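Single-structure report; data block below.
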Amino acid sequence: MLARRLADRGVLGVNRRNADYISLLNPRRFYPLVDDKLRTKKLALAAGMAVPELYGVITTQHGVHDLERVVDGREAFVVKPAHGSGGNGILVIAGRRGRLYRKVSGDLLDSSELEHHVSNVLSGLYSLAGQRDRAMIEYMVRSDPLFEKVSFQGVPDVRVIVFRGYPVMGMVRLPTRRSDGKANLHQGAIGVGLDIATGTTVGGVQGNEPLAEHPDTGEPVAGLRIAAWERILELAARCYEITGLGYLGVDVVLDRDRGPLILELNARPGLNIQIANRQGLLLRLREVERDGDPQAPLAERVAFARRRFALG
């Protein structure tokens, strides 16, 4: 059977991920900690972890009229649904021109259009289950110069899979024209594998198609080394303690001025990271199960991962 052959090669499938890892290691009572981005942000702040600054939260339709006060004097900001998924509903304002707001694409919005978007967020248009939502207004991340030549408009992020407190696999998600500047693989962003030992990119994939160059810039995607890599691994691994989730995805952005920032967490991370890395997760998970200690200090867990899962 195909599933058996893939498993023998270390590829983790959806059914096994759900049955053997998510259902056993991620108690459902902890899901709200990561499904609600506002709760995630507060949780990280309480633990002293760096996150994009929160400017304000709009919770009611009447409160939409407070939006201009929240963003007054701010040239750039992001509107984000607290319960959104897949990048849906995220609006990035990169600048202002008089009373108009300029999106990353260059398109301009007036105040009524911006308020209409926030109103849609509150109505649950972009939320996970269509429930009423809250609109978060926060700092717009400025991408690290490292990614300038391999990203289209938006801000790349780093996804790290953390298993029992060990960072076992990572990738960079690079926005493209096809993804409308969003770092979302399902919308057309590129997934680029990372050497856990060094934070060096090793090759890319768009959908299921491998690629060596960014389709919009023509620049090679392999060979980039993230300078703050150890800090990113430490941030990701710490999320195990603050959430109680044994299998999770941690998304980190690298801001040019503020360094690594926790963006969001995911209790049900996808499996495309295996395609980006040209390696399966299963063997790494089994290695942690066999030799790892979930109670080990943070530095030891990170060192274990960098030593055991180095490429080459």
Side-chain angles (χ1 to χ4, degrees), residues 1-26 85-87 150 156-174 176 179 183-212 214 221-224 226 229 232-233 236-237 239-240 245-252 264-292 304-312:
M1 293 174 57
L2 177 60
R4 179 59 181 271
R5 291 201 302 270
L6 290 173
D8 289 343
R9 298 185 64 175
V11 177
L12 180 65
V14 172
N15 291 339
R16 174 166 286 186
R17 181 203 64 175
N18 293 346
D20 294 352
Y21 297 102
I22 291 178
S23 65
L24 295 180
L25 298 172
N26 291 355
S85 65
V150 290
D157 65 24
V158 176
R159 160 65 60 88
V160 180
I161 300 295
V162 178
F163 176 59
R164 292 184 171 177
Y166 290 80
V168 294
M169 188 170 283
M171 70 173 168
V172 179
R173 297 183 293 196
L174 301 173
T176 65
S179 72
N184 186 283
L185 299 186
H186 298 294
Q187 295 180 14
I190 300 170
V192 182
L194 286 166
D195 183 348
I196 281 286
T198 65
T200 303
T201 56
V202 295
V205 63
Q206 189 175 39
N208 293 322
E209 297 298 321
L211 51 76
H214 193 285
V221 297
L224 301 173
I226 300 174
W229 183 239
I232 290 174
L233 292 181
C239 291
Y240 167 65
L245 297 172
Y247 185 90
L248 76 159
V250 179
D251 296 339
V252 179
E264 59 185 74
L265 308 179
N266 194 318
R268 302 164 290 268
L271 297 170
N272 293 51
I273 195 169
Q274 300 176 107
I275 302 175
N277 280 273
R278 315 290 202 275
Q279 288 197 3
L281 266 169
L282 196 55
L283 297 181
R284 297 189 183 191
L285 301 181
R286 287 172 174 168
E287 195 161 340
V288 171
E289 288 174 321
R290 185 182 66 242
D291 300 328
F304 176 101
R306 299 183 78 175
R307 182 175 63 253
R308 295 290 189 96
F309 306 135
L311 298 178

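Here the structure is a predicted model, which means the values were calculated and not measured. Hydrogens, waters and symmetry mates play no part in the numbers below; they use all other heavy atoms, side chains included. Numbers here simply count residues along the sequence, with the first being 1.
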Here the salt bridge (charged side-chain N to carboxylate O under 4.0 Å, His left out) pairs for residues 196-208, sequence neighbours left out, are none
So OH of Y166 and CD1 of I196: to nearest 0.5 Å the spacing works out to 14.0 Å
Minimum side-chain heavy-atom gap V172-V221 below 4.5 Å
no
Residues L271 and L281: closest non-hydrogen pair is CD2-CD1, 4.3 Å
**L248 and C239, any side-chain heavy atoms less than 4.5 Å apart** = yes
Using a 4.5 Å cut-off on heavy atoms from C-beta on, say whether the side chain of I161 contacts that of R284. no
Taken in chain and number order and not counting sequence neighbours, the residues that satisfy side chain to side chain contact (heavy atoms under 4.5 Å, CB included) with N15 are none
To the nearest 0.5 Å, atom CG of D195 lies from atom CG of L311 at 4.0 Å
Those residues at least two apart in sequence (or on a different chain) that pass ring pair (Phe, Tyr, Trp, His ring centres under 6.0 Å) with F163 are Y21
Minimal heavy-atom distance between A236 and V162, with the atoms involved, is O-CG2, 3.5 Å
Open item on the list: Set out, in order, the CA-CA distance, both residues' side-chain angles and the distance that settles side-chain contact (heavy atoms from CB on, under 4.5 Å) for F309 and Q279, then state yes or no.
Closed with: CA-CA 11 Å; F309 306 135; Q279 288 197 3; over 6 Å; no
Minimal heavy-atom distance between A237 and P167, with the atoms involved, is CB-CD, 4.2 Å
Residue pairs passing the side chain to side chain donor-acceptor pair (under 3.5 Å) test with at least one member in residues 199-209, sequence neighbours excluded, are T198-T200
Salt bridge (charged side-chain N to carboxylate O under 4.0 Å, His left out) pairs touching residues 157-171, sequence neighbours excluded, are D157-R173, R159-D251
Those residues at least two apart in sequence (or on a different chain) that pass salt bridge (Lys or Arg N to Asp or Glu O under 4.0 Å) with E287 are R308
- prompt: Does any N or O in the side chain of R16 come within less than 3.5 Å of the main-chain N or O of V11, such that one atom is a donor and the other an acceptor?
  reply: no
Close side-chain approach of L25 to Y240, heavy-atom, < 4.5 Å:
no
Give a yes or no on whether the backbone of L194 and the side-chain of N277 come within a donor-acceptor separation of less than 3.5 Å.
yes
When every non-hydrogen atom of N184 is compared with those of S179, the smallest separation belongs to O-CB, 4.2 Å
In terms of heavy-atom contacts, L185 and M171 come closest through CD1-CE, 3.5 Å
To the nearest 0.5 Å, atom CZ of R268 lies from atom CD1 of I22 at 7.5 Å
For G203 and A222, the nearest pair of non-hydrogen atoms, with its separation, is N-CB, 3.9 Å
**Request:** Answer yes or no: is there a side-chain heavy-atom contact under 4.5 Å between L24 and Y247?
**Result:** no
